[in-house]
Amino acid sequence: MTSAGPHTRHPNLWPPFTQLARSEPPRRVSRADGALLHLESGEPLIDAISSWWVTLHGHAHPDLAAAVHDQARTLEQVIFADFTHAPAERLAERLSAITGLQRLFFSDNGSTAVEVALKIACQWWANRGEARHQIVAFDGAYHGDTFGAMAVGERNLFSAPFEDKLFPVARVPWPATWWDDDAVEAREAEALAVLSRTLETPTAAVILEPLLQGAGGMAVVRPQFLKAVQRLVHDAGALLIADEVLTGFGRCGDWFASRRAGLQPDLMALSKGLTGGCLPMGVTMASERIFSAFIGSDPSLTLWHGHSFTANPLGCAVANASLDLLEAEPQRFLGFEARHRPHLQALSRHPRVDHCRLIGTLAAFDLAVEGTAGYLNPAGPTVKRIAMEAGVFLRPLGQVVYLLPPLCITDAQLEQCYAAIGKALDQL
Ligand code: PMP
């Protein structure tokens, strides 16, 4: 076995979302607890982005660890066709109750949860014998890296090599907003006009990230815009798919962003915080109305989709334990926005800070810097490096800097995150 040092690249690994010719070697992490990552080289780092937005309660949480351990000693895996088990049933009952969507279909991650939602939506129309092919998505959307998820996401650098393989999708502007934005209503009206025209074509489904587009640049929209979208989608008889892979489980200051925005989607994709960020799992929730169109003696009505690890009992057990934690202390996510606010207000006066936005556990702003907006803007890596030296792990999306910490972060740690950002801004 090759042993890589703390700052060297391993010869057998191919890391995600990384251009090796241009990036720093990764740091080795030996352990983590709460909001902290402990590097092999000794120093702690605050995980200010919850390790790609998954770590909900903090790292190595004892309740989650116990749930995995106990389940692993009881039933670690079983084929989920022909069999069922208590952790899956309990999770389905609980998620049905809090999403208002009665049926749960398991998969393995956020992308597959989206793929399943898209397949269900398309097949729902086929099963009913109605030809509806158009899928509508929003500019700037990100729904994952598998082919269907890529197709509905914004076409960009990441998807370019596969462009000819991606199915066509109609696009609508996303009227993102920020503090002191006085032109939002005009942008919303324009987006709704485009959506309305688009929906004149028979539409199978409209997919969106409720309230917050994540990877597309932490772009927040107002609840009233989403309510208007929902009205148009309903009037057109299309299905509404909420991709809550990022926004679910308290991230946006309520159990789900849909709930905060007053939406009742037909399908919902969940992952990331589902297991408290402890194990990979995705689920797609569907209404009973959707589900019922898949039942009948004709085999072609069946949703012929499944994954080897469907309803993995370890994932289900830890998802139930994560829900226990959220239910025990909802104030942790309901009140998180108030913890960010004074810090972001102070930061908003910095000349390098533009377009502040805040929702639930997410605080974000744009850097006022030269260069084109987008993932490759060089200011992001500079901020990342300076913050890292100050003990805080950030991963800006180009010129978009954001914090999305685990719920357990202490006030002192949060203060340290903002101080690190302030330091980076001063040095830009
Ligand atoms: N949808 C959204 C909104 C996401 O933010 C992500 C991941 N960042 C995905 C889907 C894909 O999830 P995964 O990376 O688990 O496949």
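Side chains included, hydrogens not; waters and symmetry mates left out as well; all remaining heavy atoms used. The model shown is predicted, which means the values in this text are computed figures rather than measured ones. Whatever order the structure lists ligands and atoms in, that order sets their numbers, starting from 1.
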### Aromatic plane relationship, Phe105 with His305 - under 30° parallel, 30 to 60° tilted, over 60° perpendicular
perpendicular

#### Entry: Element-labelled atoms of ligand 1 that are located less than 4.0 Å from some non-hydrogen atom of Gly144
10 (C), 11 (C)

### Query
Quick one: does ligand 1 sit under 4.0 Å from the side chain of Glu209, the backbone, both or neither, non-hydrogen atoms only?
side chain

### Message
Looking at Phe336, I'd like to know if the NZ or CZ of Arg339 sits under 6.0 Å from its six-membered ring centre while staying within 45 degrees of the ring's axis.
### Response
yes

### Query
Parallel, tilted or perpendicular: which describes the rings of Tyr418 and His343, with under 30° parallel and over 60° perpendicular?
parallel

### Query
In the protein, which heavy atom is nearest to atom 8 (N) of ligand 1, and how far is it?
Lys272 NZ, 3.0 Å

## Note on the structure
Closest to atom 16 (O) of ligand 1 among protein heavy atoms sits Ser111 OG, 2.6 Å

### Query
atom 15 (O) of ligand 1: which of Ser271, Ala149, Gly110 has the nearest heavy atom?
Gly110

### Task
Taking all non-hydrogen atoms of both residues into account, name the closest pair between Ser111 and Asp145 and its distance.
OG-N, 3.2 Å

### Query
How many angstroms lie between CG in Leu267 and CG in Leu240, if you round to the nearest 0.5 Å?
8.5 Å

### Task
Kindly confirm or rule out an N or O of Asp243 lying under 3.5 angstrom from an N or O of ligand 1.
yes

### Message
Between Glu24 and Arg27 (salt bridge meaning N to carboxylate O under 4.0 Å), is one present in this structure?
### Response
yes

### Query
Does a side-chain N-to-carboxylate-O contact under 4.0 Å join Arg222 and Asp181?
no

### Heavy-atom nearest option to atom 6 (C) of ligand 1, drawn from Trp52, Tyr142, Phe17
Tyr142

### Query
Who's the nearest protein heavy-atom neighbour of atom 10 (C) of ligand 1, and how far?
His143 O, 3.1 Å

### atom 5 (O) of ligand 1: the protein heavy-atom neighbour that sits closest, reported with distance to 0.1 Å
Trp53 CZ3, 3.5 Å

